[in-house]
Structures are given as C-alpha cells and as structure tokens.
Amino acid sequence: MSALLPSSNVSIGAFLVALSVLLALPEISAGITRHYKFNIRLQNVTRLCHTKSMVTVNGQFPGPPIVVREDDQVVVKVVNHVQNNITIHWHGIRQLRSGWADGPAYITQCPIQTGQSYVYNFTIVGQRGTLWWHAHHSWLRATVYGPFIILPKRGVPYPFPEPYKEVPILFGEWFNEDPEAVIAQALQTGGGPNVSEAYTINGLPGPLYNCSAQDTFKLKVKPGKTYLLRLINAALNDDLFFSIANHSMTVVETDASYAKPFETDTILMGPGETTNVLLRTKPTSPNATFFMAARPYNTGLGTIDNTTVAGLLEYTSTSPTSMKNLPLLKPTLPAINDTAAAANFSTKLRSLATLQFPANVPQTVDRRFYFTVGLGTRPCPKNQTCQGPNGTKFAASVNNVSFALPSMALLQAHYLGQSNGVYTTDFPNNPPFPFNYTGGPPNDTFVINGTKVVVLLFNTNVELVMQGTSIQGAESHPLHLHGHNFYIVGQGFGNYDPVNDPAKFNLVDPVERNTAGVPSGGWVAIRFRTDNPGVWFMHCHFDVHLSWGLTMAWVVNDGALPGQKLPPPPSDLPKC
C-alpha cells in the first residue's frame, strides 16, 4: 500500500472511533449539532501498482465517515482546493425544507469553484440507518465518497438483535486513468466510456487483482458473535452481487429503512443502494478463512468491468502462523447475467411495517405517470466521426427527453420565480410515442434534448411506473429520487399492463427506498407523497447514463402552512 495514503482500514478505524465517541455521549433528547470540515484536495494514491493524483476529501479514499443520531443537526463546511468544480450530495437524506443542502450540481446549487467554500446545513428528521455521501458533479464521485451513518435516538434499540460490532463496507471502482478524462472522452466520441480496472472494498482491490495482495480488506471476527455489516454500493456504473463463503446473511435494512428480516447467501445492490445485514459468525473458529466477494450483474450490450473484488473474513482466535496454512474458501456468485437471481433477491424485500416503523404507502393516487427509461442516440455532429451505434452518439432519456443541464441552478430559478429561459414545465407524463418497449427497437432511436420538469402541488400522492426499454439492449437502471423516500409497490418483466398489473400491487408492506432498480427488460412501480417543497432530481445512478441524460426533475411547490414552505437560500450559496 502506498505510504502516501492512509489505508482504508484507517477510514474504518475512524468510523469505529466516531461510533464509540457517539455512543459515550450523555443522554440528550432533541439532538445536537455536529460539525465536520471537508477539504477537497489532490492526493497521490497507489493501487494495482499504479500511482495517480486524485481528488479526495481530507486526503482519504474512501472519504471520512459521518456518524450522527436521528434529530441531530449536521453542519459540513466544504472547502475546494482543487481545479475541479465540485458539490457534495448527502445520498438518501430527506432534506426536509433544506433543499439548498441537497448538492446536485445545477439542480439545487451551482458548483463550489476553486478556492471557494460552502456550508451544508441540515437536520436529520425521521431517519436512521445507513446512507452515504458523494460528489455530485461529473464523475468525481469515483473517488469522493464515504459512509453516512445515522444511529437511532439514544435509548431506542434496533428492531433486531444488538450487534457485537458494526462495520461499514463500501464497494467502489478503481480507474488507472482520471475518471474525468474517461467521461470527457466518451462524451466527445459518443461511444461507451473505458471501464474501471478493478472494483474495491473500502478502497482496496484485493488479492484477485495483480499487484494487490497487500491491498486487501480484512474483516476480523470472533466466533459466536453478531456483526452488523453496513453495505454501500458506491460503484459508478455497476450492479453488484455480494456473498461471503460458507456464511449466510440476514437482511434487516435497505436505504436506511428497516426491512422484514430474511436470510440469504447473496446480496444484490445497485449503485447508490445500501443494505444492512446481520452476519452471525460460527460458534467455534473454523479451520479456514473465507473470501467476501463481489462482481457485477449486467445484461446490457456494452463493455463492463467483468472482474471480481474480494476481501477476507478471518477468525481472530486462529493464530497468525496457523492461518497461513488454512484453506481459503470462495463463495459461489451468480452468473453475470443471472436476472432470475437478481429478481429473486429484489422480490424478497419488504418493509418492517410495524406500529413503531409503519409503511405509510399512499393508498390513493392523485397523479399517475408512466416513464420510459433507457438508451437512445443523438446524431453525430457534422465533420466528426462518432463511435456510437451506426456512427451516432449514445444518449439516454426519460420519456425520450435527454436532460440538458442548465446554467443556473433549478432550485434558485424556482425560488426566485425566474424559470423562464432556465427550464420548462412540459415534461411528458407518458411516452410521447408508444412502441413495444421491451421488444425490437423503433425505427427512430433519436432522443430530444431539454431541461423539462414536472410541477406538483405539496402533499400530492404520486404513482410512477418506470418502464425499461431495449432500444440499445435491455439492462437494469437504478433510479434515485432526491428529497423523498418511496415505496416499490410492484415490478415485473415485459411491458407494464395498466389493466391487470395494478391488481397485484403490494400496498401493505412494500419496501421503502430512495433508489429503485428498474428490472432488465421490465418495469417497476413506486408511490410517494410530495411532502417536501423544492426541486428534486431523479436520475439513473449509473453515472454514464446520468452523463448521457437519463434524468429529470420534480418541482414541488410550497404548502399552505409556514412549516411547509422552502426557506430562503443561505448567504454563501455558490454562484454560477
């Protein structure tokens, strides 16, 4: 490991120290204010025997953990010391009436420019569990990300057995190149971007990659103990299967919402998704060590990083000398295109739906939307050779609209009443032209560009069906909604049937999430209530699809009461 960079184990150590300090705090009722400072700096980092200078927070990769309790106020000063513009998004935080702190560039704020700073100020309301933070400008989140852990209020127990220890496990990607150069080249040529060289666990590629045996995450456990693993998929462009050899896991939470526990050997996580699992170690130390491994799930036609990242699960009661001679057991992961395994996991997820943690799924619907999501093309500019399908450029869209970033933040334009020339409110509620979405592609695969939004009244019950398309091959799409959680009330393969499919919706205990995977060759239906005024981004969390325009935005108007109105922007809000 490079001596220039604190190892990922330092980050995990920092998490455990922060957690122990937090648990030792005196009894409090209304939450306290927790201050953090993020210095955005270049740091030399070595992985795969390749050293590069990359953008980090406080010189750490992954970045430092944030550990708070429900009801705490969080104040993070971000200071930009690099040439790149940057923002930070607190992924999954509801940001109730604090949309100015949400972070997506040109949606809720202009980027923080070189030498500038911005203070993100928000309060954790009604949330507890595992979330994360990451850069939300271009592809900077490849290296700028970290865990965001919300502990329950003091004295409130978990609705599952108290773990002996809690361990964050972040899956990421390593590029030998600068990820900013990777996406810039792809947008210029119109083709698919170069893929990563490796996946990482807590920043470490592990022993299955060349020159990486010393850069391996090791989870040391004691026999007969229960560990809470806080799993976060921070990879840029890949769904991941995860498994631990000869051990099962019990799922207890997804996206910081408690779930009905179920046991599984394999976890599926899309980019942006988090999953908490209980790992019960064996009652006595086994005569073996175990791989913890992850590799991609993908059904698309493009090139992907088809490699496997591994860490080690080691029992501490085994002596270091004898451990070298123990067999190393490997898990059996599903095939890369095993859609049945992906669907089998996803359909098991249910909300806890208890009196203390109810599933408040809207039972009635005020507005219905049907969105197609997928890839398309743009014409190649004159006098340029493009590397997309049939000499075009790759594009992505929602209802055939490929989102164009504005030059002024949408939230500012909305708040100031200056939307004219920044965005239009004519985003289509349904696909502009019907076709067999999961069958053969239409004759015209071109998308249109626009900065279009949907405007909704406060406290509107929304039902949204997101339909995958197979224009450039069927693949999954992890769609993330800012500012709101939602319930996944239905999903299936093929084209959504508005007559028969709603009868199968689960309106009792559907899983609550902030990111939903649109199944490859299928659809997903969600419901949510617009109880949070502001402008809220919704986008595919495959960053290449985000860069190609698979995004849109919801504008939620203020409610009638003072506590339902968006406050004015802070004085240090960055300017474009």
Taking the side chain from Asp238 and the backbone from Leu240, do they hold a donor-acceptor pair closer than 3.5 Å? no

Taking it one step at a time, do Thr274 and Thr130 satisfy side chain to side chain donor-acceptor pair (under 3.5 Å)? CA-CA 7 Å; Thr274 66; Thr130 300; 5.7 Å; no

Are His477 and His539 an aromatic pair, judged by ring center distance below 6.0 Å? no

Judged by modelled atom types alone, do Arg295 and Thr308 share a side-chain donor-acceptor pair under 3.5 Å? no

Exactly one of Ile88, Val82, Thr56 should register a side-chain contact (heavy atoms from CB on, under 4.5 Å) with Val144. Which one does? Ile88

Could you walk me through whether Val221 and Leu313 pass the side chain to side chain contact (heavy atoms under 4.5 Å, CB included) check? CA-CA 7 Å; Val221 298; Leu313 180 72; 3.6 Å; yes

Kindly indicate, with the supporting measurements, whether the criterion ring-ring contact (aromatic ring centres under 6.0 Å, His included) is fulfilled by His480 and His482. CA-CA 7 Å; His480 172 51; His482 291 227; 4.6 Å; yes

Do Phe122 and Trp90 pass the ring-ring contact (aromatic ring centres under 6.0 Å, His included) test, and can you show the C-alpha distance, the side-chain angles, and the key distance before you say yes or no? CA-CA 10 Å; Phe122 53 93; Trp90 317 95; 5.6 Å; yes

Taking the six-membered ring where the residue is Trp, are the ring centres of Tyr164 and Tyr227 under 6.0 Å apart? yes

Under 3.5 Å side-chain donor-acceptor pair for Trp139 and Ser547: yes

Under the criterion side chain to side chain donor-acceptor pair (under 3.5 Å), I'd like the reasoning laid out for Glu173 against Ser196: C-alpha separation, chi angles, the key distance, then a yes or no. CA-CA 6 Å; Glu173 288 183 87; Ser196 56; 2.7 Å; yes

Between CG of Leu329 and NE2 of His247, what distance do you get to the nearest 0.5 Å? 9.5 Å

Are a donor atom and an acceptor atom from the side chains of Thr339 and Tyr297 found within less than 3.5 Å of each other? yes

When the ring planes of Phe160 and Tyr258 are compared, do they come out parallel, tilted or perpendicular, using 30° and 60° as the limits? perpendicular

Would the number of heavy atoms belonging to other residues, nucleotides or ligands and lying under 6.0 Å from CG of Asn344 be above 12? yes

Should we say atom NZ of Lys348 is surrounded by more than 12 heavy atoms from elsewhere, each under 6.0 Å from it? yes

Using the side chain to side chain donor-acceptor pair (under 3.5 Å) rule, take Ser243 and Asp265 through it: C-alpha gap first, then chi angles, then the decisive distance, then the call. CA-CA 6 Å; Ser243 186; Asp265 294 329; over 6 Å; no

Between the side chains of Ser248 and Glu263, is a donor N or O closer than 3.5 angstrom to an acceptor N or O? yes

Stepwise, does the ring-ring contact (aromatic ring centres under 6.0 Å, His included) test hold for Tyr118 with Tyr120? CA-CA 6 Å; Tyr118 179 47; Tyr120 293 90; 4.7 Å; yes

Between Asn176 and Trp174, do the side chains contain a donor N or O and an acceptor N or O under 3.5 Å apart? yes

Check: Asn39/His81 side-chain N/O donor and acceptor closer than 3.5 Å: yes

Could you tell me the separation between the CG atom of Asn84 and the CD atom of Glu180, rounded to the nearest 0.5 Å? 5.5 Å

Inter-residue atom distance Arg34.CZ - Ile124.CD1, 0.5 Å rounding: 10.5 Å

For the residue pair Tyr106 and His137, categorise the inter-ring angle as parallel (less than 30°), tilted (30 to 60°) or perpendicular (more than 60°). tilted

Counting neighbours of CG on Asn287 that are heavy atoms of other residues, nucleotides or ligands and sit closer than 6.0 Å, is the number greater than 12? no

Going by an N to O cut-off under 4.0 Å, is there a salt bridge joining Lys52 and Asp178? no

Using the benzene-type ring in the case of Trp, are the ring centres of His91 and His136 under 6.0 Å apart? no

Leu131 vs Ile150, test: side chain to side chain contact (heavy atoms under 4.5 Å, CB included). Steps then yes/no. CA-CA 8 Å; Leu131 296 170; Ile150 309 170; 3.9 Å; yes

With rounding to the nearest 0.5 angstrom, report the CD1 to CD1 distance, Ile244 to Ile267. 8.5 Å

Aromatic contact between Trp548 and Phe394, with the criterion being ring centroids under 6.0 Å apart: yes or no? yes

Check: Trp133 ring centre within less than 6.0 Å of Phe38 ring centre: yes

Within the side chain of Asp572, is there an N or O that forms a donor-acceptor pair under 3.5 Å with the backbone of Val119? yes

Please evaluate residues Phe486 and Glu512 with respect to the criterion side chain to side chain contact (heavy atoms under 4.5 Å, CB included), reporting the C-alpha separation (whole Å), side-chain torsions for both, the decisive distance (0.1 Å), and the verdict. CA-CA 6 Å; Phe486 53 75; Glu512 183 179 356; over 6 Å; no

When rounded to the nearest 0.5 angstrom, what is the spacing between CG in Leu279 and CG in Leu219? 7.0 Å

Chi angles and distances behind the ring-ring contact (aromatic ring centres under 6.0 Å, His included) call for Phe171, Phe242: CA-CA 10 Å; Phe171 303 97; Phe242 171 69; 5.1 Å; yes

Residues Glu475 and Asn298: side-chain donor-acceptor under 3.5 angstrom: no

Side-chain H-bond candidate by donor/acceptor type, Tyr209 with Thr307, under 3.5 Å: yes

